[in-house]
*Asks:* 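I am attaching a structure below and will ask some questions about it afterwards.
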Number of protein chains: 2
Amino acid sequence: MEAIDSIDQNLLRLLQADGRATYSELAGRVGLSVAATKRRIDRLCAAGVITGFTALVDQTKLGWAVEAFTEVRYVGTTPPEDMLRAMSEIPEVAAAYTIAGDPDVLVKLRARDNRHLQNVIERLRRGRATGTKSMIVLDAYRREG
Amino acid sequence: MEAIDSIDQNLLRLLQADGRATYSELAGRVGLSVAATKRRIDRLCAAGVITGFTALVDQTKLGWAVEAFTEVRYVGTTPPEDMLRAMSEIPEVAAAYTIAGDPDVLVKLRARDNRHLQNVIERLRRGRATGTKSMIVLDAYRREG
DNA sequence: TTTGAAACAACTTCGTT
DNA sequence: AACGAAGTTGTTTCAAA
């Protein structure tokens, strides 16, 4: 993979701030032609530096008001891949992270309300999980989005 | 705010999957004209359902290899807003969540390496924090991106 | 609210430097 | 690697239904 110079870093920053910015707008900001700008962005995508583009959606406005993190502990023999696979099969799981140490997995959840959250946590605990500890989010700061 | 129908939900899903999809492509997929499609998306943005568009960047490819979550506890009199503000001032903080119960804040961190992470955690602990517990991410599943 | 058409803007490719 | 030009495609607005 090619080295990432300051122009590339600028493009990444601009595209993180506005993923639908036009090539001509980006070109103007980084001081290159439209063609050169597109070439660099195509390269960043091909190299896997940019993994995609997405719309940021306010889940609260869609009626999913509850956000929570749950720590999950598993029986000692469970392979980490199995933990993540089990979590990925639960639709309310927004993300899951295997952890060095204790707990084994940290799961980010989205639910409509507390009753729904309780139901999700029940499903998390099925299988080889030995215990959970949940933290309900009251407020959040997010660097992007 | 207007009700969100199944066409809107489809548009949200399509834009989350590809934030740079063209209006004509989206129009074809939802079975509306380009003009009607644009109108709906403009409305979703204006209503705050769509809060923005962003490029998903693989931080590992930029040399930020370490991801961690840190639980932070504060002295009892600290207002939650102050906790989030303090966290937001640390560039390596990707997100911070105030929590009901114990701990007070859960912080998502990005660092170049373990030495850098240690330095970040030192900075987290300054101010009114009374204690931290860090969890280094080994592997992750993310529903989008 | 949707449509179709028209004017405008942006994208993408290609030959050149 | 970048540029500029040319052909293609997409965006945005507007009158009509």
Side-chain angles (χ1 to χ4, degrees), chain A residues 1-65 112 142-145, chain B residues 1-65 112 142-145:
Chain A
M1 180 177 58
E2 294 284 322
I4 284 155
D5 65 13
S6 67
I7 294 177
D8 288 331
Q9 287 184 334
N10 252 319
L11 287 172
L12 290 174
R13 190 176 47 74
L14 292 166
L15 282 170
Q16 283 184 292
D18 179 7
R20 278 184 88 86
T22 63
Y23 291 121
S24 50
E25 188 179 328
L26 297 165
R29 289 195 192 255
V30 300
L32 287 182
S33 69
V34 171
T37 300
K38 180 182 188 303
R39 197 171 123 83
R40 279 172 178 262
I41 293 170
D42 287 348
R43 173 169 292 182
L44 288 167
C45 288
V49 176
I50 295 173
T51 60
F53 293 90
T54 193
L56 300 168
V57 174
D58 183 345
Q59 300 295 333
T60 303
K61 290 240 164 69
L62 297 178
W64 291 66
R112 286 184 293 273
R142 293 169 226 266
R143 189 158 298 274
E144 57 211 42
Chain B
M1 179 179 57
E2 295 283 323
I4 284 157
D5 65 13
S6 65
I7 294 177
D8 288 331
Q9 287 183 333
N10 251 320
L11 287 172
L12 290 173
R13 190 176 45 76
L14 291 167
L15 282 170
Q16 282 184 293
D18 179 8
R20 279 184 86 86
T22 63
Y23 292 119
S24 47
E25 187 179 328
L26 296 165
R29 291 197 191 254
V30 300
L32 287 183
S33 69
V34 170
T37 300
K38 179 182 189 306
R39 199 172 121 82
R40 280 171 178 263
I41 292 170
D42 287 346
R43 173 168 292 182
L44 288 167
C45 289
V49 177
I50 295 173
T51 60
F53 294 91
T54 192
L56 300 169
V57 174
D58 183 346
Q59 299 296 334
T60 303
K61 289 242 163 68
L62 297 178
W64 291 66
R112 286 185 293 273
R142 293 168 225 267
R143 189 159 299 273
E144 54 211 42

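Every chain is numbered from 1, with letters handed out A, B, ... down the list of sequences.
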*Asks:* What pair of heavy atoms forms the shortest contact from A:Q16 to B:T54, and how long is it?
*Replies:*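 Looking at all heavy atoms of both residues, the closest pair is O-OG1, 2.6 Å.
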*Asks:* For B:F53 and B:G19, which heavy atoms make the closest approach, and how far apart are they?
*Replies:*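 Closest approach of B:F53 to B:G19: CD2-O, 3.7 Å.
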*Asks:* With a 4.0 Å heavy-atom cut-off, tell me which residues in residues 12-32 of chain B come close to DNA chain D, sorted by residue number.
*Replies:*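 Only B:T22, B:Y23, B:S24 qualify.
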*Asks:* Which residue pairs pass the salt bridge (charged side-chain N to carboxylate O under 4.0 Å, His left out) test with at least one member in residues 6-19 of chain A, sequence neighbours excluded?
*Replies:*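 For residues 6-19 of chain A, and leaving out neighbouring residues, the salt bridge (charged side-chain N to carboxylate O under 4.0 Å, His left out) pairs sorted by first residue read A:D8-A:R40.
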*Asks:* So what does B:R39 touch, heavy atoms closer than 4.0 Å: a base, only the sugar-phosphate, or nothing?
*Replies:*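 If one applies the 4.0 Å heavy-atom cut-off, B:R39 turns out to touch a base.
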*Asks:* Rounded to the nearest 0.5 Å, how far apart are CG of A:L14 and CD1 of A:I41?
*Replies:*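 It comes to 9.0 Å.
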*Asks:* Search all heavy atoms of B:Q9 against all heavy atoms of B:I4 and return the closest pair with its distance.
*Replies:*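 Minimum heavy-atom contact is CG-CG2, 3.8 Å.
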*Asks:* Kindly write out the residues that satisfy side-chain hydrogen bond (donor to acceptor under 3.5 Å, both in side chains) with A:S33, not counting sequence neighbours, or none if the list is empty.
*Replies:*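 Once residues adjacent in sequence are excluded, A:S33 has no partner under the side-chain hydrogen bond (donor to acceptor under 3.5 Å, both in side chains) criterion.
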*Asks:* Check every strand shown and say whether B:A35 touches a base, only sugar-phosphate, or nothing at a heavy-atom separation below 4.0 Å.
*Replies:*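 B:A35: base contact, heavy atoms under 4.0 Å.
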*Asks:* I'd like to know if the side chain of A:T51 reaches the main chain of B:L56, judged simply by a donor and an acceptor atom lying under 3.5 Å from each other, with no hydrogens or angles considered.
*Replies:*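 Yes, because the side chain of A:T51 sits within donor-acceptor range (under 3.5 Å) of the backbone of B:L56.
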*Asks:* Please report the end-to-end axis angle for the helix from C:dT1-D:dA17 to C:dT17-D:dA1, five pairs per end, rounded to 10 degrees.
*Replies:*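 Between the first-five-pair axis and the last-five-pair axis there is 30°.
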*Asks:* Take A:L62 and B:L12, measure what side chain to side chain contact (heavy atoms under 4.5 Å, CB included) needs, and give me the verdict at the end.
*Replies:* CA-CA 11 Å; A:L62 297 178; B:L12 290 173; 4.0 Å; yes
*Asks:* Can you give me the first and the last nucleotide of DNA chain C (5' to 3') that has an atom within less than 4.0 angstrom of a non-hydrogen atom in chain B?
*Replies:*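 Endpoints of the contacted stretch of DNA chain C: C:dT1 to C:dG4.
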*Asks:* Please answer whether the main-chain N or O of B:A21 pairs with a side-chain N or O of A:R20 as donor and acceptor at a distance below 3.5 Å.
*Replies:*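 At least one qualifying donor-acceptor pair exists.
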*Asks:* Please identify the 5'-most and 3'-most nucleotides of DNA chain D with any atom under 4.0 angstrom from a heavy atom of chain B.
*Replies:*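 For DNA chain D, the relevant span reads D:dG10 to D:dT13.
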*Asks:* To the closest 0.5 Å, what do you measure between CG (A:L15) and CG (A:L26)?
*Replies:*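 Those atoms lie 5.0 Å apart.
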